[in-house]
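To find a chain, count down the sequence lines: A is the first, B the second, and so on, and within it residues start at 1. Values reported hereafter were calculated over all heavy atoms of this structure, with side chains retained and with hydrogens, waters and symmetry mates removed.
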Protein chains: 2
Amino acid sequence: MIMQKYKEIGLKLTPQRLAILKFLEGNTDHPSADEIFRAVSEQFPTMSFATVYSTLDALRDKGRLLELTIDPGKKRFDPCTEHHHHLICISCKKIVDVKQQFNLDLPEGVKGDFSITGNHIEFYGVCPDCRRAIN
Amino acid sequence: MIMQKYKEIGLKLTPQRLAILKFLEGNTDHPSADEIFRAVSEQFPTMSFATVYSTLDALRDKGRLLELTIDPGKKRFDPCTEHHHHLICISCKKIVDVKQQFNLDLPEGVKGDFSITGNHIEFYGVCPDCRRAIN
DNA sequence: GTACGTGCAAAGGTTTTGCATTACA
DNA sequence: TGTAATGCAAAACCTTTGCACGTAC
């Protein structure tokens, strides 16, 4: 169960943190801190932003969470930590996971002596719902 | 010259806008709005954020500028509008252009009926300067 | 018991907005 | 001259911080 699983993280488990972890578990909506705050506040009316942010920071530092820099003006969070990419609807901003692998080797010259540690692709498009709305 | 070139954009040309355009011309630093504001303020001490932001918005809408969502917490702007990617130093946050092309076709199933309009790769790494500093 | 988490409020940083004034075309 | 840009200040957002109190371990 969820307690068991998150004992391994190495953080103190509080009811607030469990609620955040539960909300994120399997969530594919790439929620913002504010969305997480509002969802968890229903259960913990005294929840504060400080707690949400500090928990998210801690989970990110432990590698249990990805902080996405996809949305101008706010961070989004992704509980799926396996390497993957994202497809974003340019109309409604919906974000969908893309788990396919791509060959993204950079030739020596292009790298300019950077040592490459990772990559992330953002695909842009129009989702079915928005395409229907336009037509 | 620059006036000639930017008459085609279809915006009213003011001294302030020319100064912004000149600052961006050939700039590969991917500056933030604040950096642009500070640079252009030296020439126009009365320059305001409103003017910088509205000019950047207008240029972006005219396709003369890319708004990069690479830096959490602030927008960065790129005057190079040909399709390219970016290599980001995870230590000093320096951003370098990557003009190589990649084959990023998505199979039908993955697309989930999205119509794809574009893509952008972020490469992460450590730049030579930062690697030297660490060693 | 102690270190760490929580909650509140205030502050910090970036971007947006309203409105009167100014200037391009 | 008419429309659009500018400048200023305030507000709106998102995120971070300080500190007193509370709680997991």
**Asked** Once you round it to whole Å, what is the distance between C1' of C:dG13 and NZ of A:Lys75?
**Response** 12 Å
**Message:** For B:His86 and B:Asp78, which I'm curious about, is there any donor-acceptor pair between the side chains at under 3.5 Å?
**Reply:** yes
**Message:** Just the rounded figure in Å: distance from P of C:dG5 to CG of A:Leu11.
**Reply:** 7 Å
**Request:** Indicate the atoms forming the closest heavy-atom contact of B:Arg76 with B:Asp71, along with that distance.
**Result:** NE-OD2, 2.9 Å
**Complete:** Ranking B:Ala50 and A:Phe77 by the position along DNA chain D of their nearest nucleotide, the one closer to 5' is B:Ala50
**Prompt:** Atom CG of A:Leu18 and atom C1' of C:dT6: how far apart are they, to the nearest Å?
**Reply:** 15 Å
**Request:** Taking the six-membered ring for Trp and the single ring otherwise, decide whether the centroids of A:Phe44 and A:Phe23 are under 6.0 Å apart.
**Result:** no
**Side-chain N or O of B:Ser48 closer than 4.0 Å to phosphate OP1/OP2 of D:dC8** = no
**Asked** Mind checking whether A:Phe123 and A:Phe102 have parallel, tilted or perpendicular rings, split at 30° and 60°?
**Response** tilted
**Whole-Å gap separating P (D:dG22) and CZ (A:Phe44)** = 17 Å
**Request:** Please report, rounded to the nearest Å, how far the P atom of D:dA12 is from the CZ atom of A:Phe49.
**Result:** 16 Å
**Prompt:** To the nearest Å, how far apart are A:Gln43 CD and C:dG7 P?
**Reply:** 12 Å
**Asked** Is it true that a side-chain atom of B:Glu35 and a backbone atom of B:Ser32 form a donor plus acceptor pair closer than 3.5 Å?
**Response** yes
**Prompt:** Distance check: side-chain N/O of A:Thr14 vs OP1/OP2 of C:dT6, anything under 4.0 Å?
**Reply:** yes
**Prompt:** Closer than 4.0 Å, any side-chain N/O of B:Gln16 to the OP1 or OP2 of C:dA23?
**Reply:** no
**Message:** Under 4.0 Å, heavy atoms only, any strand: does A:Pro45 hit a base, just the sugar-phosphate, or nothing?
**Reply:** nothing
**Prompt:** Would one find a side-chain N or O of A:Arg17 under 4.0 angstrom from OP1 or OP2 of C:dT6?
**Reply:** yes
**Request:** Look at A:Thr55 and C:dT6 and indicate whether a side-chain polar atom (N or O) is within less than 4.0 Å of OP1 or OP2.
**Result:** yes
**Prompt:** Touch check for B:Lys12, heavy atoms < 4.0 angstrom, all strands: base, sugar-phosphate only, or nothing?
**Reply:** base
**Item:** Atom-to-atom span, CG of B:Asp34 to P of C:dG13 - whole angstrom
**Value:** 10 Å
**Request:** Could you check whether A:Ala33 gets within reach of a base, just the sugar-phosphate, or nothing at all, counting any heavy atom under 4.0 Å?
**Result:** sugar-phosphate
**Asked** For the pair made of OH in A:Tyr53 and C1' in C:dC8, what is the distance, rounded to whole Å?
**Response** 16 Å
